[in-house]
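In what follows, chains are A, B, ... by sequence order, proteins preceding strands, each numbered from 1.
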Amino acid sequence: MKLPALFGFFVILPVIVLLATGCKKDKPTDEPSQQTLILQFDFLVDGEGLQADTMIYVNEAGNHYMVNEIQFFISDVKLNHSEGNIYQIQDSKTIHYIDSDLPETQSWHVSDNIPAGTYSSISFIFGINEEKNQSLIFPNPPESFMFWPEHLGGGYHYMKLNGKWLDENQQVRPFNFHLGIGQIYYSFPDSISGFVQNYFQVALPNSSFTLEKNQTRKILITMNIENWFRSPHTYDHDVWGGMIMQNQEAMKMACENGADVFTVIIE
Amino acid sequence: MLNIRKHKVIIVLIIVLLLLSVILLFSCKKEDPTPPPYQTTPYHIEIPFGFPTDLNIPADNPMTVEGIELGRYLFYDGRLSGRTHPDSLMSCSTCHLQANSFECGIDHPVFTGGFPHGITGKPTPHVMLPMVNLLWNHTGYLWNGAVQNIEDIVWMGIVAVHEMNGDTNRVKELFQNIPGYPELFHTAFGSETITMKNIGRAIAQFIRTFISANSKFDNYLQGKVQLSPSELSGFILFTTEEGADCFHCHGGSGNPLFTTHLFYNNGKDSIFTGPFEDPRDRYHVTGDPMDYGAYKATTLRNIAVTGPYMHDGRFATLDEVIEFYSHHLVWSPYINPLMHHINNGGIQLTPSEKNDLKAFLATLHDEVFLTNPAFGPPEKFPDDK
């Protein structure tokens, strides 16, 4: 009599327990999922990786030029869902700084738990919008080094693209292709009658992607530098010179050229 | 009877001896100089308006009231050279004068023209940099950023031939035997044994308290005062590309440190002249040819008292500096691209604009900092009666 009892206790009971827990596994669960997005940034010129500090490039206007460094902000990144709704990346900050000399800025691990789903496109603001572009929001470097002087509108540079070009007299001259809030001058350079918000929306072409549950997806956003000087306006350094922060006409042209500067690769 | 009495006497004697032993034991303990327990007091740093919140404080050297107090003694104690003869005393404060923003200054009684030399008379390779707001410096120290923290700079200052030319063993031994110092080291770092590491840590803590953020411009930023028309014009020149365009390297309202702490070739020399052979430029740290002739942009706070100017002290006055940026920039392939006025020889300021720019720079003078007794010499040293 003892043997069947022991058999029942040590064999049948565990089988029942296993079956019971096995059944539980089949039930649908509401376990939380974590979808992660990593936005990576790089810089190309004419389809090749940027070689800084070397006078090897020729722009649309025929200027031979080099790039020394690029620093810029993007903000309000939006993921446009195929069903019509829009998810805007919140992160701890909605503004992200990218620096060609600081690799840690070139990979943005977005802290949001992005809803799983199919997204038809990605868009963002190049620079910072009027509401957010307030002085002293970035107390720390390197972002704080991007401040745009109060007298010229305040806030921060959208971009500093620094380089040199071979001018019409065959002299190497520095250029500071700096974009930010523009000014309208009553009397140049002393009297400013108004400011122009030059930030603009970038819609990344071919940027649809699907984010599965618990998936981590990398998206590579590329700045194609030559496009800043190409289309729709041919930007000639010999015409616009080495500085444009106080030249709204040049900044407007540059910002209009910026619409197709960025491309994307979904990994 | 005699035996019983004898026993009683012996017992009493034993009790008395025991009592005496206990008394002696306790009296011995009282004479034993047990150091006080090691417990430091965190030093609170108040971030000035607009200043960065990221502080450069090494994890192994948090700022404490006790460490700073010790650092202040050491900073001002001429025996830091490891010597006691009055002619051989040298401390940090021999060259780093508070009144000159912790540079020696052009009016120094010994270092003529602001060119310091070491205890043996050997000149320093470069002139000095101001020692203010280093709590926010994350790019290394000296003109080329070669040294990564203040603690190491202290060590270097003690042993370098062009500074104290000291011997670390002598320094440690000397301070170990100065009454009061071992106790202060214990209070600050938990050990009475004096080490070079703890000397460096203490002085570095003291130096990190040097915060200059109370100039007229600081008060202007906070809306407490107004700048004069000339100062305001100078400020606009300072922060506009079409003006003097100083702000990209030297900061402004959005970067009130008035430096980026970065390194620039600012057009002082051509590649073909001697100064480019300087083994202490930024190139010799990074190996990047774009850093030939590049040096740290100094903070412009208290700039009026920190002459001579540039890494080699080639300009004695601010007027000369403004004149240089206005008309005498020298092109080289290594010129920083931010120097976009280079092909015109400079920013081409008019005499009136030069005066305005100089007037604005004077608003960065912080007399409260330069005279703050907390940064000055202690009333007496630990062994003073």
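Ranking T260(B), N255(B), D245(B), I47(B) against chain A, the residue ahead of the rest is T260(B), based on heavy-atom pairs under 4.5 Å. The candidate with the highest count of non-hydrogen atom pairs below 4.5 Å against chain B, out of H157(A), K160(A), E69(A), is H157(A). With chain B as partner, the option from L152(A), N176(A), L136(A), D53(A) having the largest number of non-hydrogen pairs under 4.5 angstrom is N176(A).
I335(B) touches chain A through backbone and side chain together, each having a heavy atom under 4.5 Å away. With a threshold of 4.5 angstrom between heavy atoms, F235(B) does not approach chain A through any atom at all. Neither the backbone nor the side chain of S135(A) comes within less than 4.5 Å of any heavy atom of chain B. Residue contact with chain B, scored on non-hydrogen atoms closer than 4.5 Å, involves the backbone of I244(A) exclusively. Contact annotation for F188(A): only side-chain heavy atoms (C-beta onward) come within less than 4.5 Å of a heavy atom of chain B. Neither the backbone nor the side chain of H138(B) comes within contact range of chain A; no heavy atom of the residue lies under 4.5 Å from a heavy atom of that chain. N343(B) touches chain A through its side chain: at least one heavy atom from C-beta onward sits under 4.5 Å away, while N, CA, C and O do not.
The neighbour count for E104(A) CD, taken as heavy atoms of other residues, nucleotides or ligands under 6.0 Å away, is above 12. With a 6.0 Å radius and a threshold of 12 heavy atoms from other residues, nucleotides or ligands, K132(A) has its NZ atom above the threshold. More than 12 heavy atoms of other shown residues, nucleotides or ligands fall within 6.0 angstrom of atom CD in Q88(A).
Side-chain atoms of T240(B) and H151(A), non-hydrogen and from C-beta on, do get closer than 4.5 Å to each other.
Looking at every heavy atom in both residues, F51(B) comes nearest to P139(A) through O-CB, 3.8 Å. Shown here for P337(B) and G163(A), the closest heavy-atom pair between the two residues is CB-O, 3.7 Å. Nearest heavy-atom pair across M245(A) and E241(B) is N-OE1, 2.9 Å.
To the nearest 0.5 angstrom, R173(A) atom CZ is 14.5 Å from M339(B) atom CE. Between the CG atom of L262(B) and the CG atom of D101(A) there is a distance of 10.0 Å, given to the nearest 0.5 Å. Expressed to the nearest 0.5 Å, how far CZ of F145(A) lies from NE2 of H261(B) amounts to 7.5 Å.
The closest donor-acceptor contact from the side chain of N140(A) to the backbone of T53(B) lies under 3.5 Å. Using a distance-only test at 3.5 Å, with no hydrogens or angles considered, a donor-acceptor pair links the side chain of Q246(A) to the main chain of E242(B).
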What do the steps show when you test H178(A) against L338(B) for side chain to side chain contact (heavy atoms under 4.5 Å, CB included), and what is the final call? CA-CA 11 Å; H178(A) 291 193; L338(B) 289 170; 4.1 Å; yes

Going through the distances and angles, do N68(A) and M290(B) end up as a side chain to side chain contact (heavy atoms under 4.5 Å, CB included)? CA-CA 9 Å; N68(A) 296 110; M290(B) 291 306 292; 3.6 Å; yes

